[in-house]
Structure formats: C-alpha cells, structure tokens
Amino acid sequence: MKRWLTALYVAAFAVITAPPARSQDADPPIPPAQIRVDVQMVSIPVSEAGRLVPALQDRKKANDAWTRLQAMIASGEASLTAWPVLQLQNRQRGAIESIAEFRYQTEFNPPQGPGMPFPPAPRIVASTWGPKTPSAFETRNTGCTLEAEATIEQDSKVISLNLVAQMVRLLEIRKWHTQASPAGVSGVQEQPDFQTLKITTSLDARSMQPELIGVFVVPEPKPHVELFILHAKATLLPASTFLPPPAK
C-alpha cells in the first residue's frame with residue numbers, strides 16, 4: 001500500500017509540474033516587423049485624369065504612372081495637398097493627423113434698436129436685419145487624417161490593411177442677404193462651406209507598390225480630380241532586436 005501511494009504521488013506531481021501542451025490551433029508567433037503606411041493626396045487637372053487613373057489601376061503600369069505623377073508635382077502640373085506617413089508595428093493600429101481648427105458662429109441674438117435693450121419676451125418682434133450678436137460657436141477640424149491597422153502576410157510581401165484616409169478643407173465663407181425690413185434694409189449672413197474627401201477600406205497591399213485607393217472629382221473652386229495613392233512597406237526585424245543586451 002505504501003509503495004502504491006508513493007507511485008500515485010509521483011505521478012500526480014509530474015502532471016501538475018509538466019508544461020502545458022501546445023494546442024495545434026494556437027496562433028503562430030507574431031513576427032517582429034516595422035510597417036510604413038503613407039497616402040499621397042494629389043490634385044491633378046481633369047485633362048490628365050483620363051490617362052493617369054487607368055494607368056494607376058493597372059498593376060503593370062502603376063509604377064510608371066506614379067513616376068509620371070511625381071514629375072508632374074515637381075513641375076507644378078499637379079499639386080501635392082497632403083502626404084501623411086505613419087509608422088506601425090505588426091498587427092498594431094496607429095493614426096496621424098495635421099489639423100487646423102476653424103471656429104465659426106452658429107447662433108445669434110436678435111438685433112436691438114439703437115440704445116434700446118431687448119423687449120420682454122411677449123413683445124419680441126422677430127427682425128431679420130440689423131447687427132446681431134453671436135451667442136454660440138462650433139469648431140470644425142480641417143486638414144488630413146490617416147488611420148491604419150496593418151498585418152504582414154506572405155513573408156512581408158503583402159500587407160493586410162484596415163485604413164481610413166480623410167481630407168477636410170474650408171471651401172469658402174458663403175454670404176446671403178436676409179429678408180429686408182419694412183424700411184428696405186437687409187442684413188448679411190455668413191456661414192462656412194466645408195469639403196470632405198474620405199475613404200474607409202480594407203485591402204491587401206503589395207509592399208512597395210503604389211495603390212490607387214480613391215478618386216474624387218471636385219467641381220469647386222475649379223474643376224479638378226483628387227487622387228489618394230497608398231504606399232505600404234514592411235521590414236522584418238531580427239528577433240535579436242528585442243532581446244536585452246548581454247550582461248557585462
């Protein structure tokens with residue numbers, strides 16, 4: 001009996017202290033990598049869009065079309081409106097933005113007569129002319145934003161991306177005349193007009209290859225076409241990069 005209990009104790013101890021078996025379905029280790037994601041936002045003339053857009057969509061012609069586009073930017077034929085560049089680690093999310101805040105009026109107190117306070121509420125007579133005092137404001141962010149989550153595939157040759165790229169700009173301050181008063185006097189109201197170009201997508205990008213991800217025909221202030229062109233690059237890092245330095 002004593003020998004049997006000793007054998008049972010040894011067997012139980014071995015089961016408890018043994019390392020857990022690795023499941024066949026366990027996720028493989030994440031290879032260390034540095035991933036760069038950038039989006040060129042470029043404005044081109046409508047006359048050039050018919051040639052450049054199909055070429056950028058063709059894998060065999062995309063590199064030559066991208067080189068042609070860089071030459072157009074250098075010569076002033078095209079305009080580089082933004083170029084956010086984002087550095088990520090494998091299977092990580094990041095964001096970069098270049099923002100200018102624009103604050104504008106949204107509500108106004110009704111105009112007052114010269115030297116007269118506001119009348120009591122029951123006696124207020126709505127007026128659409130005369131000076132008004134701003135009573136509320138809103139803020140709109142203008143500029144470019146790039147958000148991305150990246151995972152490398154096929155030994156860093158393909159990069160799986162969840163991506164949001166956006167450009168917001170102030171087009172103009174629009175003015176319009178309000179209804180004239182009985183005396184024939186009308187006021188002027190002003191409100192901003194914003195433009196938003198945005199794309200939200202998931203795709204597999206080829207490392208170091210240009211990818212056309214957005215085409216926008218913009219009528220104002222002058223008809224033109226805006227392109228969003230993605231570049232992604234993955235660099236595998238040696239495991240020793242993350243090891244602690246050897247002890248001295």
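Any value given below was found using the heavy atoms of this structure, including those in side chains, with hydrogens, waters and symmetry copies removed.
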Are [X] and [Y] packed together at the side-chain level, in the sense that at least one heavy-atom pair is separated by less than 4.5 angstrom?
{"X": "Val46", "Y": "Val217", "value": "no"}
{"X": "Asn90", "Y": "Thr151", "value": "yes"}
{"X": "Arg140", "Y": "Val168", "value": "yes"}
{"X": "Glu97", "Y": "Cys144", "value": "no"}
{"X": "Arg36", "Y": "Val85", "value": "yes"}
{"X": "Leu163", "Y": "Leu146", "value": "yes"}
{"X": "Ile35", "Y": "Lys233", "value": "no"}

Salt bridge check, Glu226 against Arg169: does any charged N sit closer than 4.0 Å to a carboxylate O? yes
Ion pair check, Glu138 and Arg103, cut-off under 4.0 Å: no
Within one Ile-Leu-Val-Met-Phe-Trp-Tyr cluster: [X] and [Y], side-chain cutoff 4.5 Å:
{"X": "Val218", "Y": "Met41", "answer": "yes"}
{"X": "Ile96", "Y": "Val164", "answer": "no"}
{"X": "Leu203", "Y": "Val158", "answer": "no"}

Pairs flagged by ring pair (Phe, Tyr, Trp, His ring centres under 6.0 Å) wherever residues 190-217 is involved - sequence neighbours left out: Phe102-Phe194, Tyr104-Phe194, Phe216-Phe228
Pairs involving residues 53-84, ordered by first then second residue, that meet ring pair (Phe, Tyr, Trp, His ring centres under 6.0 Å) (sequence neighbours left out): Trp66-His231
Picking from Gln92, Arg93, Gln87, Arg91, what satisfies side chain to side chain contact (heavy atoms under 4.5 Å, CB included) with Gln89? Gln92
State the [atom1]-[atom2] distance between [X] and [Y], to the nearest 0.5 angstrom.
{"X": "Leu88", "Y": "Gln34", "atom1": "CG", "atom2": "CD", "answer": "8.0 Å"}
{"X": "Ile152", "Y": "Ser207", "atom1": "CD1", "atom2": "OG", "answer": "9.5 Å"}
{"X": "Ile229", "Y": "Ile213", "atom1": "CD1", "atom2": "CD1", "answer": "9.5 Å"}
{"X": "Leu52", "Y": "Lys61", "atom1": "CG", "atom2": "NZ", "answer": "12.0 Å"}
{"X": "Leu171", "Y": "Thr196", "atom1": "CG", "atom2": "OG1", "answer": "9.0 Å"}
{"X": "Met208", "Y": "Thr235", "atom1": "CE", "atom2": "OG1", "answer": "8.5 Å"}

Counting N and O atoms only, with roles assigned by atom type, does the side chain of Thr142 sit under 3.5 Å from a partner on the main chain of Ala100, one being a donor and the other an acceptor? yes
Which heavy atom of [X] sits nearest to which heavy atom of [Y], and what is that distance?
{"X": "Ser202", "Y": "Asn162", "answer": "OG-OD1, 2.6 Å"}
{"X": "Ala148", "Y": "Val37", "answer": "CB-CG1, 4.4 Å"}
{"X": "Gln57", "Y": "Leu212", "answer": "CG-CD2, 3.8 Å"}
{"X": "Gly94", "Y": "Leu86", "answer": "O-CD2, 3.5 Å"}
{"X": "Ala78", "Y": "Val42", "answer": "CB-CG1, 4.0 Å"}
{"X": "Glu48", "Y": "Ile44", "answer": "C-CD1, 4.3 Å"}

Please evaluate residues Leu227 and Leu56 with respect to the criterion side-chain contact (heavy atoms from CB on, under 4.5 Å), reporting the C-alpha separation (whole Å), side-chain torsions for both, the decisive distance (0.1 Å), and the verdict. CA-CA 10 Å; Leu227 309 178; Leu56 287 167; 4.0 Å; yes
Could you check Asn63 against Gln209 for side-chain contact (heavy atoms from CB on, under 4.5 Å), going step by step and ending with a plain yes or no? CA-CA 7 Å; Asn63 281 317; Gln209 298 293 315; 3.1 Å; yes
Heavy-atom neighbours of Arg206 CZ exceed 12 at 6.0 Å: yes
Glu147 and Gln166 side chains, donor-acceptor separation under 3.5 Å: no
Tell me which pairs pass salt bridge (Lys or Arg N to Asp or Glu O under 4.0 Å) where either residue lies in residues 71-84, with sequence neighbours left out. Arg68-Glu77
Kindly determine whether Asp193 and Leu170 satisfy side-chain contact (heavy atoms from CB on, under 4.5 Å), including the steps that lead there. CA-CA 6 Å; Asp193 277 357; Leu170 173 67; 5.8 Å; no
Please walk me through it: do Thr81 and Met167 pass side-chain contact (heavy atoms from CB on, under 4.5 Å)? CA-CA 9 Å; Thr81 58; Met167 167 63 77; 4.2 Å; yes
